Number of protein chains: 2
Amino acid sequence: MMNEPAKQRMTRQRQVILDELMSRKDHPTADELYAAVRRKLPRISLGTVYRNLDVLMRSGLALKLDMGGAQSRFDADISPHYHVKCVSCGRVDDIRETGFVEITLPPSRDDGYAITGVRVEFDGICPQCRGRE
Amino acid sequence: MMNEPAKQRMTRQRQVILDELMSRKDHPTADELYAAVRRKLPRISLGTVYRNLDVLMRSGLALKLDMGGAQSRFDADISPHYHVKCVSCGRVDDIRETGFVEITLPPSRDDGYAITGVRVEFDGICPQCRGRE
DNA sequence: ATCATTGCAAATGGTTTGCAAGACC
DNA sequence: GGTCTTGCAAACCATTTGCAATGAT
């Protein structure tokens with residue numbers, strides 16, 4: 001009756017995916033991760049990468065970033081921080097200084113929504129693309 | 001040499017799509033719009049809807065909302081306002097009170113990004129779904 | 001034995017695109 | 001005539017899924 005948490009095994013594939021994701025500070029897409037992980041596990045499949053990213057996400061070990069654009073990006077840094085997306089080249093970086101964002105969740109009335117969360121994302125031009133202008 | 005703005009014609013299809021989009025306060029997906037527009041233009045194709053939404057977007061007459069999830073949503077209300085997405089049913093509504101959001105764009109230094117914009121999106125539970133709990 | 005997990009391949013589903021016909025200047 | 005636009009269908013591409021085989025407990 002109880003909703004038992006699903007028993008998950010830390011398989012070799014899952015561990016390698018998580019390690020890879022934690023080792024980088026960019027925010028790779030599933031296929032970028034697939035390419036990287038394949039160097040250690042040549043027989044791994046893209047489907048497995050997707051399935052494991054989903055598991056890691058549900059377990060709270062990774063974040064899925066929908067920053068617009070076709071592909072999702074993933075982040076193993078689950079500490080609170082914001083993201084900037086370069087409107088020119090599409091890369092996504094962290095923003096660590098959060099002092100300039102001030103959001104007070106509105107009380108649950110208004111049009112009746114009970115607000116449960118906010119997402120703040122920045123657009124910008126990365127240093128590389130700035131130099132190239 | 002100059003980048004002339006493309007000459008666009010306000011075709012019947014484009015007008016009907018825009019009218020439909022302006023007439024509703026929800027934020028329809030392309031295929032919802034397609035279904036609605038088809039009542040007036042039974043022979044219109046989904047491809048035409050997509051192409052016109054793209055044109056309207058570039059012309060600044062409509063906004064494309066990427067609120068996560070598979071499909072994009074569109075909005076003909078281009079005045080500044082925020083959106084809430086119901087985490088339960090997926091519908092998207094406007095938030096008109098912006099007093100509780102205070103964001104100061106950071107100066108262009110930090111890791112080097114020149115910040116050009118912010119996106120703020122809310123999650124919540126809509127009144128309908130709240131009642132149904 | 002049981003049950004999560006995998007590799008593989010096929011399927012899905014939203015969006016885009018090539019092309020020939022049609023509409024507008 | 002030139003060019004923007006359309007309908008149709010096929011193509012695209014990220015992601016998901018069915019399934020038989022594998023692995024861990």
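In what follows, chains carry the letters A, B, and so on, assigned in the order in which the sequence lines appear, proteins first and then strands, with residues in each chain numbered from 1. It should be emphasised that the depicted structure is a prediction, and the values quoted were computed from it without experimental measurement.
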For DNA chain C, the residues among residues 19-44 of chain B that have a non-hydrogen atom under 4.0 Å from it:
none
Under 4.0 Å protein heavy-atom contacts per nucleotide of nucleotides 19-25 of chain D, with B for base, S for backbone only and - for none:
----BB-
Going by side-chain hydrogen bond (donor to acceptor under 3.5 Å, both in side chains), name the residues that satisfy it together with A:Ser23, two or more places apart in sequence or in a different chain.
none
Can you tell me how far apart CD (B:Glu121) and CD1 (B:Ile95) are? Round to the nearest 0.5 Å.
11.0 Å
With A:Asp75, which residues qualify under salt bridge (charged side-chain N to carboxylate O under 4.0 Å, His left out), at least two apart?
none
Expressed in angstrom and rounded to an integer, what is the separation of A:Leu46 atom CG from D:dT16 atom C1'?
10 Å
Identify whether A:Tyr82 and B:Tyr82 are in the same connected component of the hydrophobic contact network (ILVMFWY, side-chain heavy atoms under 4.5 Å).
yes
side-chain hydrogen bond (donor to acceptor under 3.5 Å, both in side chains) against B:Arg12, all qualifying residues, sequence neighbours excluded
none
Restricting to salt bridge (charged side-chain N to carboxylate O under 4.0 Å, His left out), what partner residues turn up for B:Arg91, sequence neighbours left out?
B:Asp93
Residues of residues 55-74 of chain A with a heavy atom under 4.0 Å from any atom of DNA chain C, listed by number, are none
Within residues 10-18 of chain B, which residues have any heavy atom lying less than 4.0 Å from an atom of DNA chain D?
B:Thr11, B:Gln13, B:Arg14
Find the distance between CZ (B:Arg43) and CZ (B:Arg38) and round it off to the nearest 0.5 Å.
10.5 Å
By salt bridge (charged side-chain N to carboxylate O under 4.0 Å, His left out), which residues pair with A:Asp77, not counting sequence neighbours?
A:Arg96
Taking A:Asp123 first and then B:Arg119, would you say they form a salt bridge - that is, a charged N and a carboxylate O separated by under 4.0 Å?
yes
Between CD1 of B:Ile17 and CG of B:Asn52, what distance do you get to the nearest 0.5 Å?
4.0 Å
Where B:Asp66 and A:Gly68 come nearest, the two heavy atoms and their spacing:
OD2-CA, 3.9 Å
Could you tell me which residues satisfy side-chain hydrogen bond (donor to acceptor under 3.5 Å, both in side chains) with A:Tyr50, sequence neighbours excluded, listed by chain and number?
none
Under 4.5 Å between any side-chain heavy atoms of B:Leu65 and B:Leu63, yes or no?
yes
Those residues at least two apart in sequence (or on a different chain) that pass salt bridge (charged side-chain N to carboxylate O under 4.0 Å, His left out) with B:Arg51 are none
Taking only side-chain N and O atoms of B:Thr48, does any of them lie within less than 4.0 angstrom of OP1 or OP2 on D:dG7?
yes
Using chain A heavy atoms and a threshold of under 4.0 Å, write down where along DNA chain C the contacts begin and end, 5' to 3'.
C:dC3 to C:dC8
Here the pair of heavy atoms bringing B:Arg9 nearest to B:Arg14 is O-NH1, 2.8 Å
D:dC4 C1' sits how many Å from B:Asn52 CG, rounded?
11 Å
Tell me: CG of A:Asp54 to C1' of D:dT17, nearest whole Å?
12 Å
